[in-house]
Amino acid sequence: MDKHLVEVKNLRTYFYTASGISKAVDGVSFTVDEGETLGIVGESGCGKSVMSASIMRLLASKAGKIVDGTVHFNGADVRALNENQLREFRGKDVAMIFQDPMTTLDPVFKIGDQMVEAIQAHENITKEEARRISAEALGKVGIPDPEKRLNSYPFELSGGMCQRVAIAMVLCGKPKLIIADEPTTALDVTMQAQILKLMKQLQTESHTAIMLITHNLGVVWEMCDRVMVMYAGRVVEQAAVKELYSNPMHPYTWGLMDSMPALNDTPKEPMSTIEGMPPDLRLVGKGCNFRDRCKYAQPQCAEVVPEPVDLGNGHCVACLLQTREHRLEREGGKRHG
Amino acid sequence: MAERDVLLEVEHLTKTFPIQGRNRERKQFLYALDDVSLQIHRGETLGVIGESGCGKSTLSRCIVSLHKATEGKIFLDGQDISQMRGKERKNMHRRIQMIFQDPYSSLDPRKTVAQSVMEPFIIHNIQPEGMSRLERALELIQAVGLDQYHMHRYPYEFSGGQRQRINIARALTVGPELLVCDEPVSALDVSMQAQVLNLLIRLQQEFHLTYLFISHDLSVIRYISDTIAVMYLGHIVELCPAGDIYQRPLHPYTQALLSAIPPSSPFEEKEQIELKGDIPSPIGRQPGCPLASRCQHCTQRCRTERPELKAVEKDHSVACFLYSQ
C-alpha cells in the first residue's frame, strides 16, 4: 500500500444536542498525498468544516465527539495524541487558514507580536530572530514594506492583506499540510485571484499538501488535483478534477454543477436547480441522504445507505443507481466537457 | 424591443460621508459616490457590479432614501424624489422597495411570517381589494414558493433561502414598481441561489417589476440583467448591455474583473490581468482616473485628468481615455 500523508478512514463526528444526535460527519474516508491539492465542495452544513476541525482535533469536547474512525497523519494516529503532542501537531505539521481573515488575527495585538508568538511556540529562538523570520514571510506573501507592517494592527489592513498575513503565519511553521477553510470566500474576486495565485506558487515552492474547502466549483477547477463532493455529512463523489468535470456521476454533483450560473448562459432562462433543502442532520441515517431531492430516487434509496464504489480511475461514487453494471441517464442539464 | 420608458433616473449623484480627523485635523470627506448618472428602464434589470467599498450599496441606499444624497438628483417617473417630504415621500416608498443582503437580520425575529408580511399594509394603511390583508399575504407567500403552513412560523425556523423569499414577499405587498436588490443571493448556497434567481425572474414577469440588482458576482449579474453598470471607487466606469460585458469588455477594470473570475472548467487556461495592490482610499477627491494607480495602461493624462463616461457605441459607455479619440 502506498503511504499517504493523511489517511482518514470512516470518520464519524456526532454532535449530541438536546433534540437528538446530529450526524455532522458520517463515515468519511479519503487520503491526501504530499504536494497534492484536495478540494472539498458542498453546501453549508454538509460537514466540511466539522470534518477539518475533527482532523485538527479542534472540536469542543462537550458537544461534538469523534465517535468512530481513524485519522493518520504521516503514519501517526492523530486521535491518540495527547495535549503536548497536539501542540506540536497543530501549526507545525498541519496549519489552517480560516474563512474570515479579520477574526483570525487578534485585533488588540500588533501583527508582528502575533507572528512572533506563533513562531516561538514551536521553535526555541530569540524574539529578534523570530521577527526577522516574520518579516521575511510577510515579504514572501507580497506585503509591501514588511518591516513596517510588523508594527501594524490588523484593522489597518484590508481583508485581502489580513489573509496574506494569515498565510504568512502558516508559512512560518513550514507545515506539511495546509487546511484552507474557505480562504477566499470573504474576499472580492480580484483579491481572490491574487490569494489563489499566491497559494499555488507557495505550494510549488515547498511541496505542501493542501486541503481546500470551498463551495465555489470555479475555485476547485483552478486549484485542485482531486475533488471530493460532500452532502449531509457523507462523501457522495470523489475523483480527479478533470474526470469529475467531464464525467460527473452523482445526481447531487449534477445539480451542483447545473445551478452555477455561467457567463455564457442564456440570460433569464430558468436555471436548473436542486429543489428542496438539505435534510436535518438529526434525522438522517437510513438510506441515501440525497433521496428527497433526487429526481432519480428509487424505493431502495430509502432503505440502503449507498457505499462509495470505485468505478475506475479512482472515481468513487456513492449512489445505488450508479454502478459498474448500470448507469443513470442524466436528464437535461448543461453539457460539459 | 419596444419603446423603452425610463422609470428611474439618477443624475450626477454624489454622496460623501464626513470623517472626523484625529487631533482636530481639517474635516475630510469620504467620497462613496462621485458623480454617478444612470437610467433604469421600466420592466428591465440594471445590474450593478463592483468590489466591496465601490459604492454599490450606497447607491442603492440613496435610491430608497435611506441616505440623503449630498449632491445630484434622483427622478422616479420624472419626479425628483430626493426633495420629497412627508406624505409625498411616504407614498413614494410604496413604489420603491428594497431587499437586503442578509436574510437573517432583515426579518424581525419576534414576528411571525404573517405579521412581517402584513406590516407594510398597516404602515401604508392599505386595504387589499376584495380580500382581507391575511388573504393577500397568503397569496404573496404562495407566489414566492412558500406554503400556508409557513405563515405562522418565526424566522428562526427558516433557512437563508426561505427567509429571502419572505423578504421578497414582504417587499411585494405594497405593489412596488422598482425593487432594489442589494446582494440578495450572496449569503446563499449555490442551489438556493439558483432557486431565488429563478424566483426573481418569474416575479419580474408576473408583477411587471423593474430591478436594480446589486452583486459582486459577475455571472449572477450577467444572468439576471439587461444592462450592467460596473462601479469602481464611487464611479461608474462602464455601462453596457449584459451581453457585451462578456464579449467586449472595454474598461481595463472590467477586463481585470472578468479575468479574475475562476475558470468555468479545469481545462480552461485563463490569462489573468492582474490588478496590483488594493483599492485606493476613497477619502478626499483625487484627481485623475480612479484606476490610475493599478492600471497597466495608465498614462500621464490618467493621473491628472478624470475620464468621463462617454458612449463609444450605441448603448455602450465607458470612462477611459483609451477610447476617446
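FYI, side chains are in, hydrogens and waters are out, and symmetry mates aren't considered; it's all heavy atoms of this structure.
For the residue pair A/Thr17/A/Arg282, the side-chain donor-acceptor check at 3.5 Å is not satisfied. Checking B/Asn167 against B/Gln164 by side-chain atom types alone, a donor-acceptor pair falls below 3.5 Å.
Interface remark: B/Leu218 contributes backbone and side-chain atoms alike to the contact with chain A (heavy atom separation under 4.5 Å). When heavy atoms are compared at a cutoff of 4.5 Å, B/Gln247 does not approach chain A at all. With a 4.5 angstrom heavy-atom cutoff, A/Gln192 touches chain B only via side-chain atoms. Only the side chain of B/Gln162 comes within contact range of chain A, with at least one heavy atom under 4.5 Å from a heavy atom of that chain. In this structure, no portion of B/Leu188 lies under 4.5 Å from any heavy atom of chain A. In this structure, the portion of B/Gln204 lying under 4.5 Å from any heavy atom of chain A is its side chain and not its backbone.
Per-residue counts of heavy-atom pairs under 4.5 Å with chain A were compared for B/Leu197, B/Thr45, B/Val190; the largest is that of B/Val190. Counting heavy-atom pairs closer than 4.5 Å to chain B, the top residue among A/Arg293, A/Met277, A/Glu275 is A/Met277. In terms of non-hydrogen atom pairs under 4.5 Å with chain B, the most contact-rich of A/Thr190, A/Val189, A/Ile274 is A/Thr190. Comparing B/Ala242, B/Ser191, B/Ala260 by heavy-atom pairs within less than 4.5 Å of chain A, the highest count is held by B/Ser191. Counting heavy-atom pairs closer than 4.5 Å to chain B, the top residue among A/Cys224, A/Gly142, A/Ala193 is A/Ala193.
Put simply, the side chain of A/Leu202 reaches to within 4.5 Å of the side chain of A/Leu198, judged on heavy atoms.
Ring geometry for B/Tyr232 against B/Tyr253 counts as tilted: the plane angle lies between 30° and 60°, on a 0 to 90° scale.
Among B/Leu179, B/Asp182, B/Val48, the one residue that satisfies the side chain to side chain contact (heavy atoms under 4.5 Å, CB included) test with B/Leu212 is B/Val48.
Taking 4.0 Å as the cut-off between side-chain N and carboxylate O, B/Asp244 and B/Arg248 count as a salt-bridged pair.
Here the closest non-hydrogen pair linking B/Leu203 and B/Tyr211 is CB-OH, 3.9 Å.
The number of heavy-atom neighbours closer than 6.0 Å to CD of B/Gln148, taken from other residues, nucleotides and ligands shown, is 12 or below.
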